[in-house]
Amino acid sequence: MLQQTRVDAVVPYYERFLEEFPDVHTLAQASEEDVLRLWSGLGYYRRAKMLHKAASIVSEDCEGAFPRSQTEWQELPGIGEYTSAAIASIAHGEAVGVVDGNVRRVVARHGALRLRANDRKLHQHAQNWMATRMTELAEVQEPGSLNQAVMELGATICTPANPNCDVCPLKIGCAAAGKNAATFPLSAKRAQEIALDICFFLAEKDGMFLLRPCTGRWTKGLWEPPSLECCPDSQLQDLWSQSGETGMIGSRLGAVRHRITKYKIHAHFFRLEGARKDQFVAPESVPLSGLGKKAIRAYLST
DNA sequence: CATCCGTGGCT
DNA sequence: TAGCCAAGGAT
């Protein structure tokens with residue numbers, strides 16, 4: 001859950017998740033839909049699918065026995081270089097360094113490395129740096145604590161925008177401390193942005209909404225209200241009817257901005273009247289996409 | 001190795 | 001507001 005996601009955002013999901021799936025066997029036996037429903041709103045839904053798959057592997061193929069080394073952990077789906085190192089060092093005391101965004105930033109500043117945040121060379125530098133620290137501190141018997149200390153330093157003191165060099169335990173020896181620390185690392189190059197307007201249509205009856213499974217490669221398994229790429233409002237009804245849909249497009253319910261990687265989505269919400277009722281489902285009974293959740297919220301708040 | 005995946009908080 | 005980015009991984 002913590003992959004690319006802040007602790008504050010994770011905690012409530014984590015608690016609900018463990019309440020529902022208290023052990024690996026329970027998670028393995030759950031349906032993917034149930035797992036996704038508890039993940040709905042957290043984002044990066046592939047993580048949930050891969051965690052579910054990993055639970056099946058541990059539960060069924062390994063009879064509930066978890067891996068014991070970074071190498072073994074990394075064989076599980078969704079467990080990559082960072083997560084396997086974090087688990088192996090923190091849970092098993094393996095002397096392997098973790099490299100995440102925090103560590104890369106700390107290392108870039110410490111060496112005043114003029115590299116981009118997503119440059120593989122910076123990642124390599126950070127790995128070497130952590131390996132050296134791990135060797136120097138060999139008498140410290142908790143490799144996980146070293147790893148967590150550097151990540152925590154990046155999260156609380158060596159922060160992206162306003163680093164607090166005055167209180168930093170690494171200011172001695174840091175090439176950027178108190179000078180230009182905030183300019184490291186150089187900002188990542190970003191893909192060309194693409195603006196997209198999407199209209200969502202909300203039909204509701206007795207708390208049930210018209211919701212359908214998403215068909216996109218990345219959103220499969222999630223549900224949303226039906227939508228169209230936007231056109232002028234005056235043509236919406238024609239386009240809707242021509243696509244074989246039933247119902248009349250009604251009043252506008254508002255709009256939200258949503259960013260997914262390079263896509264800047266402007267989502268518009270409309271009421272839909274008189275749609276066929278056979279596809280109406282209770283929104284809490286299916287895993288909603290992020291935009292689907294916002295759409296329902298927009299409807300309920302008007 | 002570039003690109004894909006979500007969401008929320010901060011500036 | 002718009003931009004930036006976060007305890008990444010798979011393809």
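Residue numbers begin at 1 in each chain, while the letters A, B, ... track the order of the sequences. As the structure is a computational prediction, the values presented were derived from the model and not from experiment.
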> For A:Met1, which contact category applies under a 4.0 Å heavy-atom criterion: base, sugar-phosphate, or nothing?
Replying inline: nothing
> Within a strict 4.5 Å, meaning less than it, do heavy atoms of the A:Arg47 and A:Thr5 side chains meet?
Replying inline: yes
>> I'd like to check A:Trp39 versus A:Lys49 (side-chain heavy atoms, cut-off strictly below 4.5 Å). Are they in contact?
In response: no
>> Give me each pair satisfying side chain to side chain donor-acceptor pair (under 3.5 Å) with a member in residues 161-180 of chain A, each pair once, sequence neighbours excluded.
In response: none
>> Expressed as a whole number of angstroms, how long is the span from A:Asp8:CG to B:dC10:C1'?
In response: 13 Å
>> Measuring only the P atom in each nucleotide, how far is B:dG9 from C:dG9? A whole number of Å is fine.
In response: 24 Å
> Roughly, in whole Å, what's the span from CG in A:Asn118 to P in B:dC4?
Replying inline: 14 Å
> Over how many whole Å does the gap from A:Lys294 atom NZ to B:dT7 atom P extend?
Replying inline: 7 Å
>> Could you tell me how far apart A:Lys121 (NZ) and B:dC1 (C1') are, to the nearest whole angstrom?
In response: 14 Å
>> Between C1' on C:dG9 and NZ on A:Lys53, what's the gap in Å once rounded to a whole number?
In response: 17 Å
> Closest nucleotide of DNA chain B for A:Ala161 versus for A:Gly43: which of these residues is on the 5' side?
Replying inline: A:Gly43
>> Checking side-chain polar atoms at under 3.5 Å, does A:Glu75 have a donor or acceptor matched by the opposite partner on A:Thr71?
In response: no
> To the nearest Å, how far apart are A:Leu51 CG and B:dG6 P?
Replying inline: 15 Å
> Nearest 0.5 Å, what's the CD-CZ distance between A:Glu94 and A:Arg68?
Replying inline: 12.0 Å
> How are the rings of A:Trp73 and A:Phe66 set relative to one another: parallel (under 30°), tilted (30 to 60°) or perpendicular (over 60°)?
Replying inline: parallel
>> Give me the distance, rounded to whole Å, that separates B:dA2 from C:dA7 when you measure between the P atoms they each carry.
In response: 23 Å
>> Without decimals, in angstroms, what is the distance between A:Asn162 CG and C:dC4 C1'?
In response: 13 Å
Tabulate protein N/O versus nucleotide N/O from nucleotides 6-8 of chain C, keeping only pairs under 3.5 Å, one per line.
residue	atom	partner	partner atom	Å
C:dA6	OP1	A:Arg105	NH1	3.2
C:dA7	OP2	A:Asn102	OD1	2.5
C:dA7	OP2	A:Asn102	ND2	2.6
C:dA7	O5'	A:Asn102	ND2	3.1
C:dA7	O4'	A:Asp100	OD2	2.9
C:dG8	OP2	A:Gln4	N	2.9
C:dG8	O5'	A:Gln4	N	3.3
C:dG8	O3'	A:Thr83	OG1	3.3
C:dG8	N7	A:Gln4	OE1	3.1

> Rounding to a whole Å, what distance do you find between A:Arg297:CZ and B:dG8:P?
Replying inline: 7 Å
> Are the aromatic ring centres of A:Tyr299 and A:Phe209 under 6.0 angstrom apart?
Replying inline: yes
> Between A:Arg120 and A:Lys293, which has a closest nucleotide on DNA chain B that is more 5'?
Replying inline: A:Arg120
